[in-house]
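This structure is a prediction, so every number in the text was calculated from the model and none was measured. All values below come from the heavy atoms of this structure, side chains included, with hydrogens, waters and symmetry mates left out.
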Amino acid sequence: MRTLPPLLMLLTVGCGFDSLPANPVTVETVRSNAVEWDGQIVVVDGWLGKCQGYECQIFVNQAAAMAEPQPLSRESSLPIGASDKFDQQAEKLQFSRVLLKARINKLCVVEDCKDRADVLQPISITKWTAQSASSKKVDQ
């Protein structure tokens with residue numbers, strides 16, 4: 001019987017990302033898998049709320065994104081971390097359906113964080129279209 005070299009064994013055992021989806025996921029899916037997916041990159045399909053200063057969240061639906069004041073409900077949204085470049089991109093997409101590519105940080109799902117928590121550390125954001133949603137893949 002042939003065995004793998006130790007380094008190759010570590011690489012194959014350490015991968016373990018079979019459950020990480022290649023296609024866009026919902027806010028609810030990220031929330032329920034945040035601990036397992038910590039540090040991984042996902043594309044989230046949701047509604048962007050107000051995104052400036054200490055506020056930036058992606059919501060499960062348009063009604064929650066449009067509400068004033070914006071709800072801080074753990075069930076209806078996930079906070080997006082601060083980045084000047086991202087905030088400039090997001091400014092024109094506020095209150096619309098978006099695809100957000102981000103790295104997951106489980107800390108503020110497990111603990112109650114204040115201000116602009118970074119459960120989703122933003123990489124890029126695009127306006128949702130049926131075509132973009134079906135073609136958007138996560139390339140890490």
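Shown here for Arg103 and Gly39, the closest heavy-atom pair between the two residues is NH1-O, 2.6 Å. The two residues Ile104 and Ala34 come nearest to each other via the heavy atoms CG2-O, 3.9 Å. Contact record, Ala65 with Trp47: CB-CB, 3.7 Å, taken as the closest heavy-atom pair. For Cys108 against Val119, the heavy-atom pair with the smallest separation is CB-CG2, 3.6 Å. Closest of all the heavy-atom pairs between Gln57 and Leu48 is O-CD1, 3.6 Å.
Interatomic distance, OG of Ser76 versus CD1 of Ile58, reported as 12.0 Å (0.5 Å rounding). Interatomic distance, Ser32 OG to Trp37 CH2, rounded to the nearest 0.5 Å: 7.0 Å. Separating the CG atom in Asn61 from the CE atom in Met66 is a distance of 11.5 Å, to the nearest 0.5 Å. Gln52 contributes atom CD, which lies 6.0 Å from atom CD of Gln94 (distance to the nearest 0.5 angstrom). Here the CG atom belonging to Leu100 is positioned 10.0 Å from the CD atom belonging to Gln89, to the nearest 0.5 angstrom.
Summarising the local packing, CD of Glu91 is surrounded by 12 or fewer heavy atoms from other residues, nucleotides or ligands at distances under 6.0 Å.
Residues Thr126 and Val98 form no side-chain contact, since every pair of their non-hydrogen atoms from C-beta on lies 4.5 Å or further apart.
The side chain to side chain contact (heavy atoms under 4.5 Å, CB included) check on Asn105 picks up Asp38, Leu107, Asp118, Gln121, with sequence neighbours excluded. Checked against salt bridge (Lys or Arg N to Asp or Glu O under 4.0 Å), Arg97 has the following partners two or more places apart in sequence or in another chain: Asp45.
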Could you list the donor-acceptor pairs under 3.5 angstrom formed by side chains in residues 78-85, with sequence neighbours left out?
from	atom 1	to	atom 2	distance (Å)
Ser83	OG	Phe86	N	3.2

Set out, in order, the CA-CA distance, both residues' side-chain angles and the distance that settles side chain to side chain contact (heavy atoms under 4.5 Å, CB included) for Val60 and Thr26, then state yes or no.
CA-CA 7 Å; Val60 296; Thr26 64; over 6 Å; no
